[in-house]
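So the structure is just underneath, and the comments pick up after that.
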There are 4 protein chains.
Amino acid sequence: MNKQEQILAAAKELIYEKGYENTTVRDISNLAKANVAMISYYFGSKEKLFAAIIEENATNAFNKIEYIGNTEAPAEKKLEALVTMYVDRIFSQRRFFGIIYRELISRNSPELNKHIIEMHTRNYESLKKIINDGQQKEIFKADIDVELTIATLVGTIGQVVNPNDILYQVYKIETEDKEKENELKLRLKKHLTGILQCHLIQK
Amino acid sequence: MNKQEQILAAAKELIYEKGYENTTVRDISNLAKANVAMISYYFGSKEKLFAAIIEENATNAFNKIEYIGNTEAPAEKKLEALVTMYVDRIFSQRRFFGIIYRELISRNSPELNKHIIEMHTRNYESLKKIINDGQQKEIFKADIDVELTIATLVGTIGQVVNPNDILYQVYKIETEDKEKENELKLRLKKHLTGILQCHLIQK
Amino acid sequence: MNKQEQILAAAKELIYEKGYENTTVRDISNLAKANVAMISYYFGSKEKLFAAIIEENATNAFNKIEYIGNTEAPAEKKLEALVTMYVDRIFSQRRFFGIIYRELISRNSPELNKHIIEMHTRNYESLKKIINDGQQKEIFKADIDVELTIATLVGTIGQVVNPNDILYQVYKIETEDKEKENELKLRLKKHLTGILQCHLIQK
Amino acid sequence: MNKQEQILAAAKELIYEKGYENTTVRDISNLAKANVAMISYYFGSKEKLFAAIIEENATNAFNKIEYIGNTEAPAEKKLEALVTMYVDRIFSQRRFFGIIYRELISRNSPELNKHIIEMHTRNYESLKKIINDGQQKEIFKADIDVELTIATLVGTIGQVVNPNDILYQVYKIETEDKEKENELKLRLKKHLTGILQCHLIQK
DNA sequence: AATGAATGAGAATTCATTCAT
DNA sequence: AATGAATGAATTCTCATTCAT
């Protein structure tokens, strides 16, 4: 792992840990064992470093959604695959998920916001295609609110995973415990598959 | 409205608009037409001002949940009332919703976090009581995941309302348009009532 | 002298001494025995502090030119008064004269440049009026190049006073010696009065 | 043109354009299409690169003055030749003229200053010799202030050419216009020849 | 209760220079 | 001779807080 990658990794870790505003470039450079100036050298600025992280992340998600969309599986299997993928993904990136929204809200960098939105729109469209496809094949109900159904999928996981102190204390789930975490992931997959099937599938 | 209230109001407005870190005490004092020093004078520090806002907010929510729980309505009506209340509430406080989680993540003030969690736990318990009640009366299914069901309720609304640029661009919803906003609220209420009834109610 | 004035005074001193770029806000705040932040507090930024200095200075010059222009003296007396005024002025502000041009050349702040030019234009017009008046009264020759005559007046003094190492070493004039300095001022006044009278006055 | 010369050329161009402090070694290396490190490699440091530029420039001037001094022409012709030479020279090097003084004032490199002063002293002595020669031959008046006369020559041109925004706006002269520029040079030569002859030549 | 001035710490960024190749 | 990566020092500015009134 070269310096540039080390910086990226350190930034990802810290930015979620403490938020974008609370993470200083010095923190990042210390963790990455790189000189402060290297951040400007490689990424131009703190903000652009952040943009690079988002870019990488969103593209990654996009590829996974597209992959599921392009399989030959029936719609209900695709739904299950999406739930599984999303739960795994958001959990494994719990350190990152959430910041996007947090920073989106801080309107001080319209350019960055625009970029994030573009990424998200792309991912969203890819996701929508899968549901529309299920509707066309008359496996999914026609009269569902596609946008809000996606909001339920993502929002539920986000709610569980994001504000982790709440998760781990309000929801009485122990943190740092891999086993318990896997249990929770299973619970989430089951809950979401159940609620979404009930909501989506024709009877 | 006295100076203290003016400061509180200004803080609420700005902190959501730009986030906690991006809101300076000077911004707040300017908007409140108060002197900077008054913030320290009345609230002790910026952080304590923030805590005061959260306090007020959470207590407000708690009262509303308790009120619904204490009515004589049947469980399915209470569910509908909760959906309506949550949608209205989060929408009307969209300016505030989200910061809590955002700041929770920034771990720099454990005390503040603890306080937020206590508030939330209290609200959460009150909410859970309502669902457990419906289960006891055999209107709601017994084998549902109560915690995650609440996560779906709150998370779905949050997902729609929170990152509003995404809302307004990815979800193709026009901002600043009261009529469209009401339309969206109706959509959300319908979607959530539908999906939660399908999920919760015994057949 | 309050803090704001102290900062202004310290800035004037240092900026000429070492140039704008070589003077740090920390230097200024140290000399002014003020905190660094006070510079932003009072002036907004280093650049605006510089602008304030220029403003004050140019306005001061303008008033003096206007005063001479408005006296009842004959043109040749006004010329003498101008020479005297300019020599005294540039000498007494030798610490300041020159920076304007130095910074004008560094084109990085177009706004500042625009402002400086406006000030100078105003002063220049006032000066020109005096010479034109002498021409109208047929005391001064009609066929002189007014712009370049002013350039000679200002440029000569500037050349002597500005690059003071050259002045004091190339021109073999001892620095820091008040007596010698007065001698030099007399020399300059004599030289300029002589050369300008020879150039301007009708025979 | 090899790399070293390219760097020198790029440095000359940029340093005047933006001033010494505002020109970064990276700017220079970019324009010269050379690596940053080559500047240190060839010149030792940014400052020494600057010294090299000054050296070249001053020597060039010295040779021209000496050439005029060594011709057989009568003093008044030499004066005219000097005016012409100086106007042409300062104009053609307007990009460079002025920085010398600007940097001289920034006292942070005494060595560099000393060097510049030496160069200037040499040039100045050569110039003075020409005037003294004219005095000896009783063509020029004996009672003139030689130093200040030279200051008038150089200062007037500098005043016109140096702060070019003032020149081009206060003096109402269009920039970038070769024809107008030549016109201005002629004006200057005429003005200076006139004023200096009137001042210097015996009647 | 209220103010404006003042403080000191900490932020991101930029720069000339050097090192390893 | 030439390069790209890396360094550490320095700079301006912003912020929450406190002091004197």
Side-chain angles (χ1 to χ4, degrees), chain A residues 2-4 6-7 20-30 32-50 108, chain B residues 2-4 6-7 20-29 32-50, chain C residues 2-4 6-7 20-29 32-50 108, chain D residues 2-4 6-7 20-29 32-50 108:
Chain A
N2 64 17
K3 276 280 146 77
Q4 189 169 6
Q6 276 174 24
I7 289 170
Y20 177 74
E21 304 292 341
N22 290 317
T23 299
T24 70
V25 289
R26 206 148 248 120
D27 290 344
I28 296 171
S29 69
N30 283 342
K33 292 191 199 307
N35 185 280
V36 227
M38 294 316 293
I39 289 170
S40 294
Y41 183 75
Y42 280 122
F43 297 95
S45 70
K46 187 191 176 189
E47 191 176 301
K48 281 178 189 154
L49 167 57
F50 186 38
N108 43 3
Chain B
N2 65 16
K3 275 279 146 80
Q4 190 170 2
Q6 276 173 23
I7 289 170
Y20 178 75
E21 303 293 341
N22 290 319
T23 298
T24 70
V25 289
R26 213 149 238 123
D27 289 343
I28 296 171
S29 70
K33 291 188 199 307
N35 186 279
V36 226
M38 296 317 292
I39 290 169
S40 296
Y41 183 78
Y42 278 123
F43 297 94
S45 71
K46 187 191 176 189
E47 191 175 298
K48 283 179 187 150
L49 165 58
F50 186 39
Chain C
N2 65 18
K3 276 279 144 81
Q4 189 169 6
Q6 275 174 26
I7 289 170
Y20 178 76
E21 304 293 341
N22 290 317
T23 299
T24 70
V25 288
R26 205 149 251 121
D27 289 344
I28 295 171
S29 69
K33 290 190 200 309
N35 185 281
V36 224
M38 293 318 292
I39 289 169
S40 295
Y41 183 76
Y42 280 121
F43 298 95
S45 70
K46 187 189 176 192
E47 191 175 303
K48 281 178 189 153
L49 166 58
F50 186 38
N108 44 1
Chain D
N2 65 16
K3 277 278 147 80
Q4 189 169 6
Q6 275 173 23
I7 290 170
Y20 178 75
E21 304 293 340
N22 290 319
T23 299
T24 70
V25 288
R26 213 148 236 123
D27 289 344
I28 296 171
S29 70
K33 291 190 201 306
N35 185 279
V36 226
M38 296 316 293
I39 289 168
S40 296
Y41 183 78
Y42 279 123
F43 297 94
S45 70
K46 186 191 177 190
E47 193 175 298
K48 283 179 189 150
L49 166 58
F50 185 40
N108 45 3

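No experiment lies behind these values; they were computed from the predicted model shown. Within every chain, numbering begins at 1; the chains are lettered A, B, ... in the order of the sequence lines, protein sequences first and strands thereafter.
The distance from atom CG of D/Asn22 to atom P of F/dT12 is 12 Å, rounded to the nearest whole Å. Rounded to whole angstrom, the span from the NZ atom of D/Lys33 across to the C1' atom of F/dA2 amounts to 17 Å. Taking atom CG of residue A/Asn2 and atom P of nucleotide E/dA20, one finds them 19 Å apart after rounding to whole Å. For the pair B/Ile28 CD1 and F/dT17 C1', the interatomic distance rounds to 14 Å; values are reported in whole Å. What separates CZ of C/Arg26 from P of F/dA9 is a distance of 15 Å, to the nearest Å. Here F/dC13 presents its C1' atom at 16 Å from CG of C/Asp27, a figure rounded to the nearest Å. Taking atom NZ on D/Lys46 and atom P on E/dC15, their separation rounds to 9 Å, with Å as the unit. Taking atom CD of residue C/Glu47 and atom P of nucleotide F/dT12, one finds them 12 Å apart after rounding to whole Å.
For the pair C/Lys48 and C/Tyr42, the cation does not sit on the ring face, since its NZ or CZ is not both under 6.0 Å from the ring centre and inside 45° of the axis.
The line from CE of C/Met38 to CD of C/Gln6 is 11.0 Å long, rounded to the nearest 0.5 Å.
Checking E/dT17, F/dT11, F/dT17 against the side-chain heavy atoms of D/Ser45 singles out E/dT17 as nearest. Checked against F/dA16, E/dA12, F/dT12, the side chain of B/Val25 finds its nearest nucleotide in F/dA16.
Here the closest non-hydrogen pair linking D/Ile28 and D/Ile7 is CG2-O, 3.9 Å. Among all heavy-atom pairs drawn from A/Ala34 and A/Lys3, the shortest one is CB-CD, 3.6 Å. Considering every non-hydrogen atom in both B/Ile39 and B/Ser29, the closest pair reads CD1-N, 4.2 Å.
OP1 and OP2 of E/dA5 both lie 4.0 Å or more from every side-chain N or O belonging to C/Lys3.
A donor-acceptor pair is defined here as one N or O able to donate and one able to accept, closer than 3.5 Å; such a pair exists between the side chain of B/Asp27 and the backbone of B/Thr24. Looking at C/Lys46, its side chain does come within 3.5 Å of a backbone N or O of C/Tyr20 through a donor-acceptor pair.
Along DNA chain F, the nucleotide nearest C/Thr24 and the nucleotide nearest A/Gln4 are compared for position; the residue whose nucleotide lies closer to the 5' end is A/Gln4.
Among the heavy atoms of the strands lying under 4.0 Å from A/Thr23 are primed sugar atoms or P, OP1, OP2 only; no base atom is included.
Where the helix from E/dA2-F/dT21 to E/dT21-F/dA2 starts and where it ends, the local axes point in directions that differ by 20°; five pairs per end, rounded to 10°.
Applying the side-chain contact (heavy atoms from CB on, under 4.5 Å) criterion to B/Ser40, with sequence neighbours excluded, gives no partner residue.
Between D/Leu49 and D/Val25 there is no side-chain heavy-atom pair separated by less than 4.5 Å.
Of the residues in residues 34-44 of chain A, those lying under 4.0 Å from DNA chain E by heavy-atom distance are A/Val36, A/Ala37, A/Ser40.
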